[in-house]
Amino acid sequence: MSLPANEKPGARIVVPVALEGRSYDIHIGRHQLCEAAELVARLAPGAKAALVTDESVAGLHAPALETCLHQAGIAVTRIEIPPGEASKSYARFVALCDALLAAKIERNDLVIAFGGGVVGDLTGFAASVLRRGVRFVQMPTTLLSQVDSSVGGKTGINSSHGKNLIGAFHQPALVIADTALLDTLSEREFKAGYAEVVKYGLINDPAFFDWCEVNWSRIIAGGPERDHAVAVSCRAKAAIVARDEREEGDRALLNLGHTFAHALERLTGYDASRLVHGEAVSIGLALAFRFSQRLGLCSGQDAVRVSAHLDAIGLPSRLRQVPGGTGSADEIVAAMAQDKKVKRGVLTFILARGIGKSFIAPGVAADEVKGFIEAELAAA
Ligand code: GLY
């Protein structure tokens with residue numbers, strides 16, 4: 001495999017996110033905890049930092065990062081939260097804000113989110129309101145958070161009404177994706193994150209999808225292909241976010257597969273033992289392409305190719321693969337209607353005219369969706 005000339009194996013890749021006064025860089029590479037600490041120190045020389053992390057990441061990586069931060073002249077207070085989606089709650093949000101105040105984090109200080117999507121979303125939201133907004137650094141430790149949730153400034157928590165319904169746009173000041181940290185992920189968690197990597201090929205980059213089909217095992221193995229996949233994903237997301245920071249237009253393309261995925265997560269009670277977000281996205285991507293095929297938009301060949309790639313990796317692509325089942329078509333459609341992408345009761349989907357040809361389809365009839373899901377359930 002040949003990598004682009006500006007991606008030398010082992011060298012750090014820097015991807016800019018161009019947002020005028022809120023611009024920042026994403027640094028991608030292996031073993032860069034001490035480089036990360038230097039970057040943090042450059043951002044806020046002599047500042048205090050709160051290192052927000054979950055108990056699993058803390059056990060594996062926090063002491064090494066803290067040593068680097070101390071060496072770089074940053075005084076750091078660690079704040080640990082329990083791992084898992086349940087931490088994106090009001091109660092945890094309030095407790096985190098109080099802990100940040102107790103750590104005396106001031107406007108000129110920094111909050112560092114060191115963990116997966118839950119840590120990043122919760123910490124970013126707390127940073128957005130603490131003292132009316134403090135700077136925060138994303139140090140994502142899962143594939144999913146490195147290629148998606150750490151970039152673009154979406155922060156928030158869940159409500160009993162649905163996922164991510166309370167939050168704010170608050171861009172990080174810096175993102176550092178140390179791809180060596182992914183070595184300690186479980187195979188299941190790594191593969192779940194891979195669904196978000198494939199998504200970028202399916203949205204608008206068919207050559208990247210072709211490349212993923214050939215190189216996916218090297219991405220998992222952790223060679224330069226992994227860094228390349230993270231970089232391509234971050235560049236794709238950075239380009240969309242630069243055009244449409246607040247999802248008033250084509251940022252919605254990043255939700256390919258997510259209307260189905262959020263409904264499945266809701267129906268499985270956000271129970272990670274049954275379905276994690278990336279697995280739900282994997283099924284959602286396959287469904288989005290089969291739904292597009294049913295609507296006569298996309299060839300059956302492309303829909304099959306998408307499922308075949310997900311299957312090859314060991315990701316789910318069918319409703320029947322949800323442990324414990326999903327409920328009826330009516331229940332799935334009702335769960336979709338809770339999604340915040342619903343405007344005045346009309347479903348908005350991201351559909352595709354082929355691999356790399358996704359588009360926003362507002363006003364998809366609920367009956368059409370229901371008929372499709374009934375057919376999917378019957379095929380099980
Ligand atoms: N994860 C979708 C977005 O950031 O817009």
Side-chain angles (χ1 to χ4, degrees), residues 15-19 22-24 26 85 88 113 115-125 127-128 136 138 140-158 162-172 175 177 189 192-205 229-266 270 276-285 288 336 339-343 348-352 358-362:
V15 175
V17 184
L19 286 168
R22 297 174 310 293
S23 298
Y24 53 94
I26 307 164
E85 194 69 27
K88 282 176 62 173
V118 168
V119 168
D121 287 4
L122 173 71
T123 305
F125 186 38
S128 78
F136 87 113
Q138 286 272 22
T141 60
T142 63
L143 181 59
L144 192 137
S145 56
Q146 292 193 352
V147 300
D148 183 31
S149 58
S150 67
V151 176
K154 278 191 182 174
T155 72
I157 56 174
N158 302 331
K163 249 185 108 153
N164 297 329
L165 292 180
I166 298 149
F169 285 98
H170 187 55
Q171 297 294 341
V175 180
E189 201 171 359
Y194 181 83
E196 296 278 6
V197 173
V198 173
K199 182 185 80 175
Y200 293 105
L202 298 178
I203 290 174
N204 61 5
D205 191 346
V230 174
V232 171
S233 303
C234 288
R235 273 189 210 109
K237 181 150 187 186
I240 291 181
V241 168
R243 289 200 296 276
D244 179 23
E245 183 183 5
R246 299 179 74 87
E247 200 171 310
E248 286 153 353
D250 67 359
R251 182 164 180 168
L253 289 169
L254 296 172
N255 299 324
L256 179 64
H258 282 61
T259 303
F260 290 114
H262 287 162
L264 297 179
E265 287 181 274
R266 192 175 163 80
Y270 304 103
V276 292
H277 177 67
E279 291 166 341
V281 169
S282 176
I283 297 173
L285 293 173
M336 283 177 179
D339 197 287
K340 65 186 181 307
K341 284 130 206 139
V342 177
K343 282 187 188 145
T348 295
F349 273 86
I350 312 304
L351 298 175
S358 297
F359 65 99
I360 301 166

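This structure is a prediction, so every number in the text was calculated from the model and none was measured. Every number for a ligand or one of its atoms is a count from 1 in the order of the listing.
With sequence neighbours left out, Lys88 forms a salt bridge (Lys or Arg N to Asp or Glu O under 4.0 Å) with Glu85, Asp121. For Ala236, the side chain to side chain contact (heavy atoms under 4.5 Å, CB included) test picks out Tyr200, with sequence neighbours left out. In this structure Asp250 satisfies the salt bridge (Lys or Arg N to Asp or Glu O under 4.0 Å) test together with Arg243, sequence neighbours excluded.
By the 30° and 60° cut-offs, the orientation of the rings of His170 relative to Phe136 is parallel.
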Contact table ligand 1 N or O to protein N or O, d under 3.5 Å:
from, atom 1, to, atom 2, distance (Å)
ligand 1, 1 (N), Asp148, OD1, 3.0
ligand 1, 1 (N), Asp148, OD2, 3.2
ligand 1, 4 (O), Lys237, NZ, 2.6
ligand 1, 4 (O), Arg251, NH2, 2.8
ligand 1, 5 (O), Lys154, NZ, 2.9
ligand 1, 5 (O), Arg251, NE, 2.7
ligand 1, 5 (O), Arg251, NH2, 3.3

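A donor-acceptor contact shorter than 3.5 Å is absent between the side chain of Glu196 and the backbone of Gly278.
Side-chain contact between Phe359 and Leu351 is present, with heavy atoms from C-beta onward closer than 4.5 Å.
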